[in-house]
Amino acid sequence: MDKTYDPHAIEARWYHFWESRNDFAPKGVGAPYCIMIPPPNVTGSLHMGHAFQDTIMDALIRYHRMLGDNTLWQAGTDHAGIATQMVVERQLAQEGKTRHDLGREAFIERVWEWKAQSGGTITRQLRRMGASLDWSRERFTMDEGLSDGVKEVFVRLHEEGLIYRGKRLVNWDPVLHTAVSDLEVLPTEESGFLWHLRYPLADGNGFVVVATTRPETMLGDAAIAVHPGDERYAHLIGQLVDLPLTGRRIPIIADDYVDPAFGTGCVKITPAHDFNDYAVWQRHRDTTALQAVPYNGLINIFTVSASIISSDTPGAELIPNDFRGLDRVAARKLVVEEFGAAGLLEKTDDHKLMVPRGDRSGAVIEPFLTDQWYVKVAPLAGPAIKAVETGEIRFVPDNWKNTYFEWMRNIDDWCISRQIWWGHRIPAWYDEQGDVYVGRSEDEVRRKHKLGAHVVLRQDEDVLDTWFSSALWPFTTLGWPENTPELKTLYPTSVLVTGFDIIFFWVARMIMMGIKFTGQVPFREVYIHGLVRDSHGQKMSKSKGNVLDPIDIIDGIELEPLVKKRTAGMMQPQLAKKIEKATRAEFPNGIATHGTDALRFTFASLASNGRDINFDLGRVEGNRNFCNKIWNAARYVLMNTEGQDCGQNGGEVELSVADRWILSRLQTTVREANEAITSYRLDFMAQSIYEFTWNEYCDWYLELSKPSLLNPASTPAQVRGTRRTLVHVLETLLRVAHPIIPFITEEIWQRVAPLAGIQGPTLMLRAYPTVNDALVDPAAVKELEWVKQFVLGVRRIRSGMDISPGKPLPILLQNGSTQDAGFLASNRQFLQTLARLESIAWLTANDTAPESATALVGDMQLLIPLKGLIDKNAELARLAKEIDKLRANLERAMAKLATPSFVDRAPADVVAKEKERAEETRMALVRLEEQQVKIQAL
RNA sequence: GGGCGAUUAGCUCAGCGGUAGAGCACUGCCUUCACACGGCAGGGGUGGAUGGUUCGACACCAUCAUCGCCCACCA
C-alpha cells in the first residue's frame with residue numbers, strides 16, 4: 001500500500017466494479033427497503049445540496065443492503081419544464097432566434113437534443129459521489145411509461161371532477177408568458193410609492209381619495225370600495241365617481257374587505273388585476289352598480305407581456321389613446337403625470353411593499369385573467385392530512401409536520417397548466433365549437449364521444465406543471481398503473497429524504513396523489529434535512545460568489561480555474577471583481593484534493609437534526625486526514641499480518657487484556673452506529689466511528705499491539721491472538737463505516753478480509769456488524785483504563801518536566817493494592833513500552849521514597865526519581881496546578897454534601913457517588929500536598 | 001400579523017436534570033521502525049439576558065433580546 005491515502009487511485013475503480021456487477025439492484029429477497037431519489041433536473045449538475053442529500057440516502061441504502069434487505073434506490077431525472085425550456089431558449093437567443101421561429105415541434109426536438117447532450121452530467125456526478133443507485137431501473141419523467149401514468153392520472157381526476165378548466169385570475173409571468181402556481185411566486189420586499197389619487201364625485205361635490213401602489217391599473221378600475229361601517233363615507237355609498245383619464249363612471253360600493261384605518265379608507269377595485277379586488281368583484285358582480293360597468297366590471301387592460309392592450313383587442317376601446325401599447329412601467333409614469341397635470345394627485349408617499357416575483361424569471365408577476373386547468377385540492381388534502389395525523393407517515397424531525405399541516409389546511413386549488421412547450425402536453429382536445437374532451441389519446445376521445453373523422457380536433461397547447469409528474473414519481477417509477485411485482489413489494493417506499501423547501505412543492509403532492517391512486521401512502525417516513533450554506537451561514541449563490549462545487553472538493557481545483565468558474569457567466573458582471581478578490585483571499589492555493597469519502601464523512605458529521613448546515617472546508621480537511629489515518633492503520637495491520645498466521649486457519653489463540661478491551665470497545669461502537677443510523681443521526685454515527693478509530697484503535701490498541709508482537713517472550717498463541725484481533729477489529733470497523741465512506745473501506749477490505757478468513761467479492765454485500773455480547777468485557781475495560789491512567793501519568797510528568805520523550809525512566813510504585821499488583825503483573829510489558837520505562841519497582845510502605853515527581857493512579861503513587869532529571873520549580877509548578885484543580889473540586893463536592901436538602905432529597909446513588917468522589921479527591925489531595933512539602937524542602 | 005428554529009471555546013457545531021464536548025485554529029515538545037494528512041502534553045467557555053420550577057438548570061418552564069426561515073389579501 002502507498003504510504004499516503006490517495007482517493008483518486010481507488011474511487012473510480014470500485015464504483016465501476018460494483019456497477020458492472022449489478023450490485024445496486026434489489027436482490028428480490030428480504031424485507032423491502034426503498035428510497036426514491038428526488039429526481040434532479042436532467043440537464044443540471046450536482047450542487048452541494050444534492051451531494052449532502054445523496055450522501056444521506058446512500059448511507060441509508062448501503063446500510064439496509066448490508067442488513068440483507070431487498071433494497072432499491074430508484075434512479076432517475078426530472079424534465080424540469082420551465083427551467084430546461086429557459087436554458088434552451090437562451091441558447092436560441094444567442095443565435096438570434098426565439099422558440100416561435102422554430103415552431104413547437106422543432107423546438108421540442110431541440111430540447112431533446114440538449115438533454116441528450118447534457119443529460120449525462122448529473123448521473124456521472126452522482127456516480128462520483130458513490131451513490132449506489134440502481135441505474136438499470138433509471139427513469140425520466142418524460143419516459144413513455146411515466147408519461148402514460150401522467151395521462152392516466154389526469155384523465156381519472158378529470159372524470160371525478162377533480163380536474164377542471166376555468167377562467168380566473170392566475171399568477172402570470174409576463175416574461176415567460178405562462179401561468180405559475182402560488183408556490184412559484186416569491187413575494188419580495190421592495191421600496192415603492194403609495195400614490196394618493198383623487199377621483200372626482202360625479203355630482204361635483206369634491207373627490208374621494210384612494211391610495212394605490214399600482215396607479216396604472218386604474219385604467220381597469222370597476223369601482224371604489226369603502227368599509228360598510230365607515231361613517232366618513234357612508235353617505236357616498238351608491239354614488240358614482242368620474243374615473244379620470246377614461247371618461248367612465250364607476251360606483252362606490254361597500255365591502256368588509258376594506259380596512260378603514262389604512263390609507264384613506266377608500267380602495268380602488270380593479271377586478272381583473274388584483275386577487276383581492278377579484279374577490280370583491282365576485283361578491284358584487286350581480287349588483288346593478290357593477291352590471292352598469294363595461295364587461296360587468298371585469299376589465300382587462302394588459303397583454304400577455306403586461307403592456308397596455310392596443311386597438312385590435314376587445315376592451316381597448318376603454319383605454320385612452322395615448323396609453324395603448326405602453327408597457328406597464330411607462331403606463332404607470334404616464335398615469336401619475338396625467339393625474340398630476342389634472343390636479344388629481346394629492347400626494348406621493350414612500351412605501352415598502354411586497355412585490356410578487358417569479359421564482360424562475362425574476363419578473364414581476366401580474367394577476368391575469370386566463371383559462372387554466374386546476375386540480376381541486378381539498379378532497380385530496382383530507383386523507384393526506386389524516387395520514388400524517390395518524391402517524392402513518394412520520395416526519396423526522398417531528399416538528400415539520402406542523403409546517404405541513406398549516407399549508408395543507410389552507411390549501412387553494414392548484415393551477416397545473418403552463419403555457420410552455422417542454423413537458424407533458426395536457427390530454428385534452430377541442431372541437432371547432434370549443435367543446436373540450438379529455439382522454440388518454442385522440443383515438444380514445446373520438447371513440448368515447450363518437451366523434452367521426454370529419455370532426456376536427458385540436459389538442460390543448462399547454463403542458464402540465466413539472467410537479468404534476470413529480471407527484472406521481474413514487475409509484476409511476478415502479479410501473480403504475482400496472483400492478484408490477486416492484487410496485488407490490490417496494491411500495492409504499494421506506495423513507496423520503498428531502499429539504500424542507502420542497503415540502504409543499506413535492507412532499508405534500510406526492511402524499512395526496514399516492515393515497516388517491518394507490519390507496520396507500522407513498523412513504524412511511526419523511527426525513528427533512530437542512531440547507532447547505534457557506535461557512536458563515538450565507539446561502540450559496542452565484543451572485544454571492546460563494547458557491548462550492550462538490551466535485552471540486554473531491555478532485556481539488558487550482559486557484560485560477562476556480563476564480564474563472566466563479567466569475568464566468570454572471571448575471572451581474574459588476575460583482576465579478578469583488579468575487580474574484582474574495583475567492584483569492586479565501587483559497588490562495590485553490591482547493592486541495594479531499595476525495596469523495598472525506599466529503600461524505602463531512603456531510604454525515606454535519607447531518608444533525610434538521611437544521612441548516614454551515615459548510616466548513618476545514619472539516620473536510622480534518623476528515624481527509626481521518627481517512628489517511630484509517631489508511632495508515634490498515635497499512636500497519638497488513639504489515640504485521642499479511643503472510644502471517646492470524647489464526648484464520650485455526651490454531652490456539654490467547655487474547656491479552658488489550659485484545660479483550662478493544663473487542664469490547666468495538667461492540668460499543670457497533671451498537672452506537674446501528675442506533676445512530678436507525679434514528680437518522682448520521683452525525684452520531686460518524687462521531688462514534690471517528691472516536692473509536694482514532695482515539696482507541698489507533699492511539700491505544702495499535703500501540704499496545706506492538707509490544708505483544710515484538711516481545712520475543714510472547715507465545716505463538718498470544719501473537720496469533722493479537723494478529724487476529726488486529727484484523728478482526730479492522731474488518732469489522734470497515735463494515736461499520738462502509739455506508740458513510742464506501743471507497744476507502746472497500747479498498748482496504750479487499751486485502752484485509754482474507755486475513756480474517758472471509759471470502760467474498762465485495763464489502764458492499766457483507767452483513768452489517770451487530771453486537772456480539774460474548775465480547776463485551778467490562779473487566780478488560782477496567783483493567784485497560786488502569787493501564788491508560790498509568791501511562792498518562794508518566795507522560796504528564798515527562799511533559800511537565802521537559803523530559804525527552806525518548807529517555808527511558810525508572811519508576812517506583814507505592815501504596816498499591818492487590819489489584820494494582822495484579823494489573824501490573826499482567827501489563828508490565830505494555831507499560832514499559834508505552835510509557836518508555838527503564839524499570840518498575842515497588843516501594844514498601846516503610847521505604848522512604850527518594851525525591852520524585854509524582855502521579856496518581858487511584859490510590860497508587862507513581863514516583864519518578866528527580867535526581868539529575870529536573871528542576872524543583874517545574875515540579876512545584878506542576879503540583880501546584882494539580883492541587884488547585886483538586887481543591888476546587890473538593891470544595892465543590894464538600895459544599896454539596898454539606899447541604900442538608902441535597903443529602904436528604906437527592907437520590908441515594910447520586911449522594912453516594914458524590915461522597916465517593918469527594919473521598920477520592922481528598923485522598924489524592926493529601927498525597928500531592930505531602931509531595932509538595934517534600935519537594936519544597938529540597 | 002401569525003408560526004418555526006437558532007443563540008455553548010477564536011471559527012464551525014454536538015450533547016446532557018448531577019463537576020462542560022468534538023473538529024479546525026492556538027501553545028510547548030518530538031523527523032519514535034502505520035501515519036508530519038502525524039505523535040505526546042497543554043491553553044481556552046460567568047453556556048444571549050432576566051425570572052421561575054428543582055436538593056441541583058447549560059439542559060425544563062415563562063418573558064425578553066438578537067439572528068435566520070416559513071406562512072399571511074392590507075390597497
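Below, chain A is the first sequence line, B the second, and so on; all start at residue 1.
- When rounded to the nearest whole Å, the span between CD of A:Glu189 and C1' of B:C71 equals 16 Å.
- Residue A:Arg624 is classed as a base contact, given a heavy-atom separation below 4.0 Å to a base.
- Contact annotation: the side chain of A:Glu875 approaches that of A:Leu879 to within less than 4.5 Å [non-hydrogen atoms, C-beta and beyond].
- Across all strands, A:Trp694 comes closer than 4.0 Å only to sugar-phosphate atoms, never to a base (heavy-atom distances).
- Residue A:Arg619 is classed as a base contact, given a heavy-atom separation below 4.0 Å to a base.
- For B:A25, its base never sits under 3.5 Å from the side chain of A:Glu621 at any donor and acceptor pair.
- A:Arg892 comes within 4.0 angstrom of a nucleotide base, judged by non-hydrogen atoms across all strands.
- A side-chain N or O of A:Thr602 and one of A:Asn623 form a donor-acceptor pair less than 3.5 Å apart.
- Remark: the A:Asn614 side chain and the A:Asp534 side chain contain no N/O donor-acceptor pair separated by less than 3.5 Å.
- Using cut-offs of 30° and 60° for the angle between ring planes, the A:Phe368 and A:His273 rings count as tilted.
- The nearest whole Å value for the distance from the CZ atom in A:Phe684 to the P atom in B:G21 is 16 Å.
- Counting non-hydrogen atoms under 4.0 angstrom, A:Arg798 reaches nothing in the nucleic acid.
- When the P atom is compared between B:G2 and B:C64, the two are found 11 Å apart, to the nearest whole Å.
- When the nucleotides B:C13, B:C70, B:A34 are ranked by their closest atom to the side chain of A:Lys706, B:A34 comes out on top.
- Along RNA chain B, the nucleotide nearest A:Ala634 and the nucleotide nearest A:Arg681 are compared for position; the residue whose nucleotide lies closer to the 5' end is A:Arg681.
- Heavy atoms of A:Asn399 sit under 4.0 angstrom from primed sugar atoms or phosphate atoms, though from no base atom.
- A:Thr4 comes within contact range of at least one nucleobase, with a heavy-atom separation under 4.0 Å.
- Two residues are said to be in side-chain contact when any heavy atoms from C-beta on lie closer than 4.5 Å; A:Leu197 and A:Val209 fail this criterion.
- A:Leu792 comes within 4.0 angstrom of sugar-phosphate atoms only, judged by non-hydrogen atoms across all strands, and of no base.
- Where A:Glu882 and A:Leu702 meet RNA chain B, the nucleotide closest to each residue was compared, and A:Leu702 sits on the side nearer the 5' end.
- The environment of A:Phe193 atom CZ is sparse: at most 12 non-hydrogen atoms of other residues, nucleotides or ligands sit within 6.0 angstrom.
- Remark: C1' of B:C69 and CZ of A:Phe504 are 11 Å apart, rounded to the nearest angstrom.
- Taking the ring centre of A:Phe603 as origin, the terminal cationic atom of A:Arg600 falls outside the region bounded by 6.0 Å and 45° from the ring axis.
- At a threshold of 4.0 angstrom between heavy atoms, the contacts of A:Arg878 with the nucleic acid are absent.
- Side-chain polar atoms of A:Tyr636 and A:Ser705 form a donor-acceptor pair below 3.5 angstrom.
- Partners of A:Arg624 according to the side-chain contact (heavy atoms from CB on, under 4.5 Å) rule, which considers only residues two or more places apart in sequence or in another chain, are A:His594, A:Ala598, A:Glu621.
- Taking a pair as Watson-Crick or G-U wobble with both distances under 3.5 Å, the runs of three or more consecutive pairs in RNA chain B are B:1-7 with B:65-71, B:10-13 with B:21-24, B:26-30 with B:38-42, B:48-52 with B:60-64.
- Note on A:Lys3: a side-chain N or O is less than 4.0 Å away from OP1 or OP2 of B:A36.
- Using a 4.0 Å cut-off, some side-chain N or O of A:Lys629 falls inside it from OP1 or OP2 of B:G39.
- The side chain of A:Asn632 lies closest to B:A34, out of B:A22, B:A75, B:A34.
- Distances were taken from every side-chain heavy atom of A:Asn625 (C-beta onward) to each of B:C35, B:G38, B:A41; the shortest belongs to B:G38.
- A side-chain donor-acceptor contact under 3.5 Å links A:Tyr199 and A:Asp221.
- Using a 4.0 Å heavy-atom criterion, one finds that A:Tyr690 contacts the sugar-phosphate atoms exclusively.
- You'll find that the side chain of A:Gln687 is closest to B:A14, out of B:G42, B:A14, B:G28.
- Here A:Tyr257 lies in heavy-atom contact (under 4.0 Å) with a base.
- Taking the ring axis of A:Trp700 as reference, the NZ or CZ atom of A:Arg795 stays within 45° of it and closer than 6.0 Å to the ring centre.
- For the residue pair A:Glu406 / A:Thr403, no side-chain donor-acceptor distance below 3.5 Å is found, with atom types taken as modelled.
- Distance, A:Leu890 CG to B:U19 P: 15 Å, rounded to whole Å.
- Side-chain atoms of A:Thr833 and A:Lys706 include no donor-acceptor pair closer than 3.5 Å.
- If you check every strand for non-hydrogen atoms under 4.0 Å, A:Cys627 touches nothing.
- Contact annotation for A:Val258: base contact, defined as any heavy-atom pair under 4.0 Å involving a base atom.
- Here the separation of B:C16 from B:A72, taken at their P atoms, is 35 Å to the nearest Å.
- Here A:Glu703 lies in heavy-atom contact (under 4.0 Å) with a base.
- In this structure, the nucleotide among B:A41, B:C30, B:A22 sitting nearest to the side chain of A:Arg796 is B:A41.
- Nearest nucleotide to the A:Cys698 side chain, out of B:A34, B:A75, B:C55: B:A34.
- Distances from the side chain of A:Glu406 to the nucleotides B:C40, B:G2, B:C29 place B:G2 closest.
- An OP1 or OP2 oxygen of B:C74 is reached within less than 4.0 angstrom by no side-chain nitrogen or oxygen of A:His351.
- Picking from B:C74, B:A34, B:C55 the nucleotide with the shortest atom distance to the side chain of A:Asp259 gives B:C74.
- Distance from the side chain of A:Asp616 is smallest to B:U12 among B:C40, B:A34, B:U12.
- Spacing between atom CG of A:Leu710 and atom P of B:U32 amounts to 17 Å, rounded to whole angstrom units.
- When the nucleotides B:A75, B:C37, B:A34 are ranked by their closest atom to the side chain of A:Phe262, B:A75 comes out on top.
- Atom CE of A:Met685 is separated from atom C1' of B:A14 by 17 Å (rounded to the nearest Å).
- No donor-acceptor contact under 3.5 Å links the side chain of A:Arg836 to the base of B:U32.
- Protein atom CH2 of A:Trp400 is 12 Å distant from nucleotide atom P of B:C4, rounded to whole Å.
- Using a 4.0 Å cutoff on non-hydrogen atoms, the parts of residues 902-913 of chain A near RNA chain B are A:Phe902, A:Arg905, A:Ala906, A:Pro907, A:Val910, ordered by number.
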